[in-house]
Asks: 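Quick one: the structure is below, and I'll ask about it shortly.
Throughout, a chain's letter reflects where its sequence line sits, starting with A, and its residues are numbered from 1.
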Amino acid sequence: MPQLLLELFSEEIPARMQGQAAKDLERMAREHLAAAGFLPEALKTFAGPRRLTLVAEGLPLAQADRKEELKGPRVGAPQQAMDGFLRKAGLTQDQLVEQNGVWMAFVEKKGRPTAEIVAEMVEAIVRGFAWPKSMTWGTGKLRWVRPLKRILCVLDREVVPFEIDGIVSGDVTEGHRFMGDAKPFTAKDFDEYVAGLEAHFVVLDVEERKERILEGCKTLCFARHLELVEDIGLLEEVAGLAEWPTPVLGDMDPSFLDLPPEVIRTSMRTHQKYFAVRKPGQAGLAPHFITVANIEAKDGGKVIAAGNAKVLSSRLADARFFWDEDVKTGFEPWLAKLEGVTFHAKLGTMAQRVERIVALAGEIAPLVGADVAKAKEAARLAKADLTSQMVGEFPELQGVMGGYYARHFGLDAEVAAAVQDHYKPQGPSDAVPTAPVSVAVALADKLDTLVGFFAIDEKPTGSKDPYALRRAALGVIRIILDNGLRLPLAKFGKDDLLAFFADRLKVTLKDQGKRHDLVDAVFALGDDDLARIVARVEALDGFLKTDDGKNLLAGYKRASNILKAEEKKGPLPEGQAEEPAADSAAEVGLYQALRLLDRPLKDALAKEDFTGAMAQLAELRGPVDAYLDGVFVNDPEHRDNRLKTLAAVRAAMGQVADFGLVAG
Amino acid sequence: MPAAPKSFQSLILTLHNYWSEKGCVILQPHDVEVGAGTLHPATVLRALGPKPWNAAYVQPSRRPGDGRYGENPNRLQHYYQYQVILKPNPANMQDLYLGSLEAIGLDLRTHDIRFVEDDWENPTVGAWGLGWEVWCDGMEVSQYTYFQQVGGLDVNPVAGELTYGLERLAMYVFGVDNVYDLPFNDPDSPLGALTYGDVFLANERQQSEANFHGYDVAVLKQQFEQMEQQVPLMLARSYKNETLVLPAYDMVLKASHLFNLMNARGAIAVAERASYIGRIRDLCRMCAQKWVELQEAA
């Protein structure tokens, strides 16, 4: 079956946009082909520095012929309606057939040639492509991420003819800018295309480019007894910056190794996109780097290595300058500068934020076993590095630099660690602080953010969370749970914030496979202690997996439905149920069970032994079932007492969770 | 191919020759202080309107805050940018640019040339575009931009802009680590070799001191306000139905430089910064609109 090959060849596409572009191209092509009735056997897209490519296998050369049924006017409808229908359908009246009182037409539709459909598809894709940023160029009106130069489009080895804003489709493309003969070449199918690219020093598939980079890096490292510091994000980026990625190892002036390794790595990574290397088995960095060039240079890369080494030296010299200036300045002048830094127009300056964090850290410290004075001091210093020169240059080193500077100035080790770690955890894979002072400051930092933005009604909506409040809430939750902390959150936020925590906790628990309705059932109790909530959810989850649990839940729902129905008629009777007549075994059974349950249930709950509390509730299962099956609640004579009994069941169970919110 | 340049000035001459051969008008620097070559009216104003325009020039650029009294090996408060503007950008603009690197002696089969995403913007003149930093062996040697807006107005046709940081490029090409050691003229000159330092070190020292401590802030502020007031008055005047856009734009440039001087003196609080930039942008926009009106009327 015929194959379609499409290449959109442009000037250099930003590395960060390539992955999504390949996905978008695939999605758009699949949609267009499906709309035309095509289902390719295989469809694959590629993105690289100068090209987006699509190959689809197994397309027919034309659409299948189709029969269409057209429904016309009713028999006997006015002639106007008939004329209109005929005009629109392009038919004459003798082509119509009467069927069930309606004029019908059965039309044979010739399938269109695939090439025509492909031409339309490419135009629609090019004009409708959603680049994060696009531009016009020259005198044209077309938008693309950078100037679009060529479109190669062949179906079954034939050029699909079309023209988009002056770009005429063809079967020619270009390889590497400088390597090989650097001349355009022809490709009539995917095999020729890949072979042609390779002969012209282009690796089409990003995965192959990544492999080539990793292999190259490892070979270089092996020869020098070094080990690559792997960096997936960087690998992804450099694989989008070179069509013929060629790692080159360069030397770094070893005198820079006295800079913090984070500074060296960040400088290498963000400014220069270099990989760092180390001696096998050692933590620090080795005085070398690997850059990924786009060329196998004539001299084997000597000039490239030397040039890059020089650039790195001047970058690191800058970093050392920042370090030297920073240690001449120190925390107090930085803190003074925070008064001039706006945190948020409605939330004041960074200096004001620091004051709030200090107060919060002081409140939290005793609750997490931290020294109050140290927690307050660490909170006071935590944001100071934001005005240091180094963090000005490398914002991602906030906290880390504060920690280095705190140690440089001989500050208390716990305070320094808290300054360093208070932004943590920054993502799902980031570590949670465990040292008490660090925990206090990390919580204070996040709670201040959350309380502040909730107070000015800047809550996250949908996919919009510009202040990363979800991450902050999740950070609080992880710090509390991972450290087994007991923290009454209601002390720090209002209902809307507590509900936000509940939502985040639900997401966390759901990720761990817990049912979100159970979280709701527990949250409804109004508890604000996350550790206790999780323990309850876990116990409840276990209980509802048992037979007793399932049946008791069903009993609860029945009892609760009866109560709800009766509540509509008027207020329920209040007070304790009286002891029922001895001849009603089911009534006596439940009455006794409730009485026997009261004490041990309260004890278990007081000890926060939720599994034990569930076990106590399990005792209710038999009596509740017997009661609901054998007792007529609305008996006029006993109605009050019986409703009081059911309410007592609801109240007893309600001490553990709101079973009304449990699904099932 | 002619021999590769051996000095700072021959590097400039090589670029002049190259772009002259490609059809550019070779201009001399604009005679008002500017912070970047883009601000020359030959770029900011000519990028607007329908008329084709191809020009190349050197522009001394002043960044008062970057002065280091001649003590930093690569930071200067006065340096040169080589600026090329091609409007509409030709389809082979990248190839033309790469040809210019070869002309100054960079072998493209030995060096690693990369186009790395970098979207340029200059909020003071309400301009932005998409393009790249061009890297040579990991060093940024040029900024390459397709203008999309200037003076807050969409451009059509689109101009391509190339900016070469001349000192940095020269340091790389000649393998010099300190800008002041760059050979300014031919090292074998019969009249005596001069370095960049021989020509500019005194200027860096004196201007740095003036920028950081010498200028009277009250005077700068007064001059800024005068320029600001003058721009609309100048734009209200015309000669034979031609609005006096070019003189008005010079005043915008002066205001912009005065702002940079005040900034270097530490006289502008963080909160005021945005408002000053906004005031300059408004002035620039007024000029840009008048310029486009003139271009479209002509």
Side-chain angles (χ1 to χ4, degrees), chain A residues 11-17 49-50 133-141 145-147 149 166 177-179 182 237 240-242 246 248 250 271-274 289 291-299 301-315 317-318 321 337 340-342, chain B residues 50 52 68 72-75 86-95 98 102 106-119 128-132 134-141 144-149 154-160 168 171-173 175-177 269-271 274:
Chain A
E11 296 181 0
E12 277 76 357
I13 304 169
R16 67 187 170 93
M17 300 179 188
R50 291 203 290 164
K133 269 183 181 174
S134 64
M135 55 170 277
T136 60
W137 59 93
T139 51
K141 289 263 179 267
V145 62
R146 292 292 183 278
K149 317 279 290 186
R177 274 188 193 282
F178 311 118
M179 293 184 72
E237 185 179 4
L241 281 172
T246 308
V248 174
H271 284 148
Q272 298 302 135
K273 309 186 198 305
Y274 298 158
F289 63 90
T291 181
V292 179
N294 188 27
I295 192 167
E296 278 176 47
K298 284 195 295 197
D299 66 350
K302 286 195 194 75
V303 165
I304 294 174
N308 278 283
K310 194 178 263 191
V311 183
L312 181 62
S313 277
S314 84
R315 291 287 191 191
D318 276 350
F321 172 79
K337 273 197 191 166
V341 180
T342 306
Chain B
R68 294 292 182 271
N72 184 296
N74 48 31
R75 234 178 231 275
L86 303 175
K87 173 191 164 191
N89 69 271
N92 64 342
M93 181 153 160
Q94 276 188 317
D95 296 330
L98 291 168
E102 284 189 299
L106 291 173
D107 177 352
L108 304 182
R109 300 289 304 273
T110 305
H111 292 279
D112 179 32
I113 307 293
R114 240 97 60 78
F115 290 86
V116 180
E117 177 190 15
D118 189 44
D119 299 337
W128 67 275
L130 299 194
W132 310 274
V134 185
W135 286 15
C136 174
D137 302 334
M139 188 182 68
E140 181 191 346
V141 290
Y144 184 130
T145 305
Y146 294 105
F147 283 144
Q148 300 293 299
Q149 269 202 337
D154 287 344
V155 296
N156 182 31
V158 169
R168 200 190 320 189
M171 285 165 74
Y172 192 70
V173 172
V176 171
D177 291 331
V270 182

Asks: Evaluate the side-chain contact (heavy atoms from CB on, under 4.5 Å) criterion for residues Val173(B) and Leu106(B): first the C-alpha distance (whole Å), next the side-chain angles of each, then the deciding distance (0.1 Å), finally the verdict.
Replies: CA-CA 7 Å; Val173(B) 172; Leu106(B) 291 173; 4.2 Å; yes
Asks: Taking side chain as everything from C-beta outward and backbone as N, CA, C, O, which of these in Ser134(A) sits under 4.5 Å from a heavy atom of chain B? Side chain, backbone, both or neither.
Replies: backbone
Asks: With sequence neighbours left out, write down each residue that passes side chain to side chain donor-acceptor pair (under 3.5 Å) with Gln148(B), or none if nothing qualifies.
Replies: none
Asks: In terms of heavy-atom pairs under 4.5 Å with chain B, which of Arg146(A), Gln272(A), Lys149(A), Met17(A) leads?
Replies: Arg146(A)
Asks: Between Thr291(A) and chain B, which part of the residue has a heavy atom less than 4.5 Å away: side chain, backbone, both or neither?
Replies: side chain
Asks: When heavy-atom pairs shorter than 4.5 Å are enumerated against chain B, which of Asp299(A), Val341(A), Leu241(A) gives the highest number?
Replies: Leu241(A)
Asks: Would you mind reporting whether Lys141(A) and Thr136(A) have side-chain heavy atoms less than 4.5 Å apart?
Replies: no
Asks: So, for Asn74(B) and Ser314(A), which heavy atoms are closest and what is the spacing to 0.1 Å?
Replies: ND2-CB, 4.4 Å
Asks: For Lys310(A), is there an ion pair with Asp137(B) - N to carboxylate O distance below 4.0 angstrom?
Replies: no
Asks: Can you name the nearest heavy-atom pair linking Trp132(B) to Glu12(A), along with the distance?
Replies: NE1-O, 3.0 Å
Asks: Is any side-chain heavy atom of Lys133(A) closer than 4.5 Å to a side-chain heavy atom of Leu130(B)?
Replies: yes
Asks: Please rank Gly160(B), Gly131(B), Gly175(B) by heavy-atom pairs under 4.5 Å with chain A and give me the top one.
Replies: Gly131(B)
Asks: Salt bridge or not for Glu237(A) and Lys273(A), using N-O below 4.0 Å?
Replies: yes
Asks: Side chain, backbone, both or neither: which part of Asn72(B) has an atom under 4.5 Å from a heavy atom of chain A?
Replies: neither
Asks: Answer with side chain, backbone, both or neither: which region of Asp107(B) has an atom nearer than 4.5 Å to a non-hydrogen atom of chain A?
Replies: side chain
Asks: With only heavy atoms counted, which part of Arg177(A) is less than 4.5 Å from chain B, the side chain, the backbone, both or neither?
Replies: side chain
Asks: What I'd like to find out is whether the side chain of Glu11(A) reaches to under 4.5 Å of the side chain of Tyr146(B), using heavy atoms alone.
Replies: yes
Asks: What part of Lys302(A) gets within 4.5 angstrom of chain B, counting heavy atoms only: side chain, backbone, both, or neither?
Replies: neither
Asks: Between Gly138(A), Ala293(A), Ala297(A), who has the most heavy-atom pairs with chain B when the cutoff is under 4.5 Å?
Replies: Gly138(A)
Asks: Under 4.5 Å heavy-atom distance to chain A, tell me which part of Leu98(B) shows up: side chain, backbone, both or neither.
Replies: side chain
Asks: Would you mind telling me which of Gly129(B), Pro88(B), Ala159(B) has the largest number of heavy-atom pairs within less than 4.5 Å of chain A?
Replies: Pro88(B)
Asks: Could you look at Asn156(B) and say if it's the side chain, the backbone, both or neither that has a heavy atom under 4.5 Å from chain A?
Replies: side chain
Asks: So which atom in Asp112(B) and which in Arg114(B) form the shortest heavy-atom distance, rounded to 0.1 Å?
Replies: OD2-NE, 2.8 Å
Asks: Heavy-atom distance under 4.5 Å to chain B: side chain of Val145(A), backbone, both or neither?
Replies: backbone
Asks: Side chain, backbone, both or neither: which part of Arg109(B) has an atom under 4.5 Å from a heavy atom of chain A?
Replies: both
Asks: Pick whichever of Asp118(B), Asp119(B), Asp95(B), Val116(B) has the most heavy-atom pairs under 4.5 Å with chain A.
Replies: Asp119(B)
